[in-house]
Participant: 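Here you go, one structure.
Throughout, protein chains are lettered first and strands after them, A, B, ... in sequence-line order, and every chain is numbered starting at 1.
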2 protein chains.
Amino acid sequence: MAAPVRQASEKTRRAIVEAGLRGFGSKGYAATSTREIAALAETNVASIAYHFGGKEGLRTACAEHVVATLGAVLAADAPEEEATDPALARARLTGLAERMVHFLLLRPEAHAIAGFMIREMAQPSPALDAIYDGLIARLHPRLCRLWAAATGREAESAGVKLAVFGMIGQIVYFHLGRPVVTRRMGWSGIAAPEARAIAAMIAATLRARLDADRGDADRGDPA
Amino acid sequence: MAAPVRQASEKTRRAIVEAGLRGFGSKGYAATSTREIAALAETNVASIAYHFGGKEGLRTACAEHVVATLGAVLAADAPEEEATDPALARARLTGLAERMVHFLLLRPEAHAIAGFMIREMAQPSPALDAIYDGLIARLHPRLCRLWAAATGREAESAGVKLAVFGMIGQIVYFHLGRPVVTRRMGWSGIAAPEARAIAAMIAATLRARLDADRGDADRGDPA
DNA sequence: AGTTTTCAATCAAACGATTGATTACATAAC
DNA sequence: GTTATGTAATCAATCGTTTGATTGAAAACT
């Protein structure tokens with residue numbers, strides 16, 4: 001909580017957080033020992049208790065790190081002004097989706113981040129609050145507003161909110177289900193070409209859904 | 001492997017598997033102790049080693065149980081003859097999706113099953129092989145054939161396979177992201193009405209996507 | 001039929017290993 | 001010299017597993 005701005009111990013902090021995130025994200029919280037984290041961070045086990053108060057403190061620190069990192073990634077290409085033109089909103093939405101796919105599937109650091117978030121959702125802890133407040137609570141309404149602008153539906157309606165979750169769910173699944181997807185597709189892994197194919201499929205689904213919503217919005221049949 | 005057909009120890013086996021599945025599915029493999037499982041199954045810790053060779057053996061036994069249970073659920077409403085009529089295939093597909101949503105979100109035993117599968121994907125183990133071979137390898141191609149019949153595209157094309165995964169991903173996500181979804185939606189949980197809303201949204205997405213695919217299939221633009 | 005043997009099944013108890021946390025002490029920075 | 005930071009050693013607790021004893025019922029034997 002209290003940031004030790006004093007010294008260059010920041011390097012150790014970062015190393016521990018990154019090591020913890022990598023462990024928690026790939027193997028899970030319980031399955032990752034503090035000694036393993038310390039070894040990966042090239043420091044002593046006691047440093048974890050010193051810097052974060054304990055393993056649980058490191059967990060929330062990792063959550064904050066995830067929020068900061070992912071927030072920066074998503075804010076980088078976020079023009080402050082909201083898109084009101086349907087075509088523009090639609091382009092923004094598809095672009096954001098595509099960017100999320102590529103980040104989630106190609107960036108090496110994304111594996112730990114996504115794994116961490118997924119595991120936090122599966123077994124909620126105080127760390128999930130930080131992720132929700134710092135990330136979901138900001139990103140999801142923004143996507144809903146874009147969806148609304150692209151279709152004419154109301155941004156905070158249940159249908160739009162669920163549709164946005166559905167879009168996110170598709171993206172997340174291709175990270176989560178990677179071993180299953182690659183096996184079924186006959187891929188040896190997910191590199192740039194595979195990520196492009198997945199992004200194209202998600203974009204196509206998104207376009208189809210937006211088109212359908214635009215038609216339904218007039219007839220008052222928002223599913 | 002060798003089934004002890006002799007005695008009524010089958011009851012103990014089942015109790016241990018169900019207890020293990022519940023623990024592994026909700027808290028994760030590493031976070032669930034053998035003592036905890038034994039207590040939940042109302043038996044002794046040694047029974048786990050006796051019946052399954054160890055904790056890891058119980059893991060694969062749980063995977064086999066998941067395959068058997070889920071296989072039965074999905075096979076129950078699977079008319080052997082494949083649907084060739086587009087409208088019928090479409091109805092089958094949406095019906096299957098709806099059934100999956102309701103099973104995953106409402107059935108109490110589904111929580112452990114889904115949690116187990118998700119965690120296995122996140123950290124593949126030999127248990128994942130059993131799940132893939134016994135479940136995915138059967139279900140996914142069937143969905144692809146339905147998709148193909150509904151749209152005119154080729155069942156084993158990359159686009160169709162990915163689209164089916166996308167549909168599954170949406171469904172799975174609403175189970176996985178339950179704490180996040182409920183919070184954002186202002187729900188206190190996911191009961192029948194909420195599951196219906198989610199199922200409606202997924203059905204709408206599916207319909208929109210199938211429509212778009214049917215149009216694209218002629219023009220040879222399968223994304 | 002009565003007796004003995006065999007064996008799957010379960011149990012309490014204990015094993016060594018590992019866990020997260022804590023301590024006491026050394027080192028570096030200011 | 002005071003504080004901040006890092007380390008080695010150690011703590012109690014818990015982990016998965018193993019052990020030896022016990023049970024009850026089927027199998028084998030007389």
Side-chain angles (χ1 to χ4, degrees), chain A residues 1-63 116 119-120 123 125-127, chain B residues 1-63 116 119-120 123 125-127:
Chain A
M1 239 137 284
V5 282
R6 282 259 173 204
Q7 286 302 116
S9 73
E10 195 64 19
K11 205 188 296 183
T12 309
R13 271 189 72 101
R14 280 197 87 84
I16 294 176
V17 167
E18 282 169 10
L21 192 60
R22 195 141 28 159
F24 296 160
S26 63
K27 306 177 32 179
Y29 177 78
T32 308
S33 71
T34 52
R35 284 170 177 80
E36 196 178 337
I37 296 171
L40 194 61
E42 289 178 332
T43 181
N44 193 274
V45 243
S47 304
I48 295 174
Y50 177 77
H51 283 284
F52 306 99
K55 195 187 183 185
E56 196 64 39
L58 175 59
R59 185 185 209 163
T60 71
C62 286
F116 182 83
R119 287 170 197 277
E120 283 298 322
Q123 190 184 1
S125 82
Chain B
M1 218 130 303
V5 282
R6 283 263 172 198
Q7 288 299 116
S9 73
E10 195 65 19
K11 205 188 295 183
T12 306
R13 272 188 73 101
R14 281 198 86 84
I16 293 176
V17 167
E18 283 170 8
L21 190 60
R22 195 141 28 158
F24 296 160
S26 63
K27 306 176 35 179
Y29 177 78
T32 307
S33 72
T34 52
R35 285 169 176 81
E36 196 178 337
I37 295 171
L40 195 60
E42 290 179 329
T43 182
N44 194 273
V45 244
S47 304
I48 296 174
Y50 177 78
H51 284 284
F52 308 99
K55 195 185 183 184
E56 198 65 35
L58 175 58
R59 185 185 209 163
T60 70
C62 286
F116 183 84
R119 289 171 195 277
E120 282 299 322
Q123 188 185 1
S125 81

Participant: Looking at residues at least two apart in the chain, or sitting in another chain, which of them share a salt bridge (Lys or Arg N to Asp or Glu O under 4.0 Å) with A:Lys55?
Facilitator: none
Participant: Figure out the OH/C1' separation between B:Tyr50 and C:dA9, and round it to whole Å.
Facilitator: 5 Å
Participant: Looking at B:His51, does any N or O in its side chain come under 4.0 Å of the phosphate oxygens OP1/OP2 on C:dT10?
Facilitator: yes
Participant: In residues 21-32 of chain B, which residues come under 4.0 Å of DNA chain C by heavy atom?
Facilitator: none
Participant: My understanding is that only residues two or more places apart in sequence, or in another chain, count here; which of them pass salt bridge (Lys or Arg N to Asp or Glu O under 4.0 Å) with A:Arg22?
Facilitator: none
Participant: Among D:dT10, D:dC15, D:dA4, which nucleotide sits nearest the side chain of A:Arg35?
Facilitator: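 The listed nucleotide nearest to A:Arg35's side chain is D:dT10.
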Participant: Name all residues meeting the side chain to side chain contact (heavy atoms under 4.5 Å, CB included) criterion together with A:Phe52; count only those two or more places apart in sequence or in a different chain, and write none if there are none.
Facilitator: A:Arg13, A:Ile16, A:Val17, A:Leu58, A:Ala61
Participant: State which residues pass ring pair (Phe, Tyr, Trp, His ring centres under 6.0 Å) with B:Phe116; sequence neighbours excluded, sorted by chain then number.
Facilitator: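 None.
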Participant: Side chains of B:Tyr29 and B:Glu56: is there a donor and an acceptor less than 3.5 Å apart?
Facilitator: yes
Participant: Would you indicate, yes or no, if D:dT17 has its OP1 or OP2 atom less than 4.0 angstrom from a side-chain nitrogen or oxygen of B:Thr34?
Facilitator: no
Participant: Round to the nearest Å and state the distance from A:Glu10 atom CD to D:dT5 atom P.
Facilitator: 10 Å
Participant: Starting at atom CZ of B:Arg14, determine the distance to atom P of C:dA9, rounded to an integer number of angstrom.
Facilitator: 16 Å
Participant: Could I get a table of every N or O pair under 3.5 Å where one atom is in the protein and the other is in nucleotides 22-24 of chain D?
Facilitator:
none

Participant: Quick one: B:Lys55 NZ to C:dT18 C1', roughly how many Å, whole number?
Facilitator: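 Roughly 13 Å, once rounded to whole Å.
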Participant: Per the salt bridge (Lys or Arg N to Asp or Glu O under 4.0 Å) rule, what does the pair list look like for residues 35-51 of chain B, sequence neighbours excluded?
Facilitator: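 For residues 35-51 of chain B, and leaving out neighbouring residues, the salt bridge (Lys or Arg N to Asp or Glu O under 4.0 Å) pairs sorted by first residue read B:Lys27-B:Glu36.
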Participant: Who passes side-chain hydrogen bond (donor to acceptor under 3.5 Å, both in side chains) against B:Thr32, sequence neighbours left out?
Facilitator: none
Participant: Does a nitrogen or oxygen in the side chain of B:Ser33 sit under 4.0 Å from OP1 or OP2 of D:dT14?
Facilitator: no
Participant: For A:Ile37 versus A:Gly20, what's the shortest heavy-atom pair and its separation?
Facilitator: CG2-N, 3.8 Å
Participant: Go through the side-chain N and O atoms of B:Ser125 and B:Glu120 and say whether any donor and acceptor fall under 3.5 Å apart.
Facilitator: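 Indeed, the side chains of B:Ser125 and B:Glu120 share at least one donor-acceptor pair under 3.5 Å.
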Participant: Could you check how far CZ of B:Phe52 sits from P of C:dA8, rounded to whole Å?
Facilitator: 17 Å
Participant: Ignoring hydrogens and geometry, is there a side-chain-to-backbone donor-acceptor pair from A:Arg119 to A:Ser26 under 3.5 Å?
Facilitator: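 A pair under 3.5 Å: yes.
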Participant: Which whole-number value in Å describes the distance from A:Lys11 NZ to C:dA29 P?
Facilitator: 11 Å
Participant: Just how far, in rounded Å, is P of C:dA21 from CZ of A:Arg59?
Facilitator: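 Those two atoms, CZ and P, are 12 Å apart.
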Participant: Find the distance B:Ile37:CD1 to D:dG16:P and express it as a whole number of Å.
Facilitator: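 In whole Å, D:dG16 P and B:Ile37 CD1 are 7 Å from each other.
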Participant: Considering non-hydrogen atoms only, spot the tightest contact between B:Thr43 and B:Ser47 and give its length.
Facilitator: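 Looks like OG1-OG, 2.9 Å.
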Participant: Looking at residues 39-49 of chain A, who's got a heavy atom less than 4.0 Å off DNA chain C?
Facilitator: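 By residue number: A:Ala46, A:Ala49.
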Participant: Please name all residues satisfying side-chain hydrogen bond (donor to acceptor under 3.5 Å, both in side chains) with A:Ser33, sequence neighbours left out, ordered by chain then number.
Facilitator: none
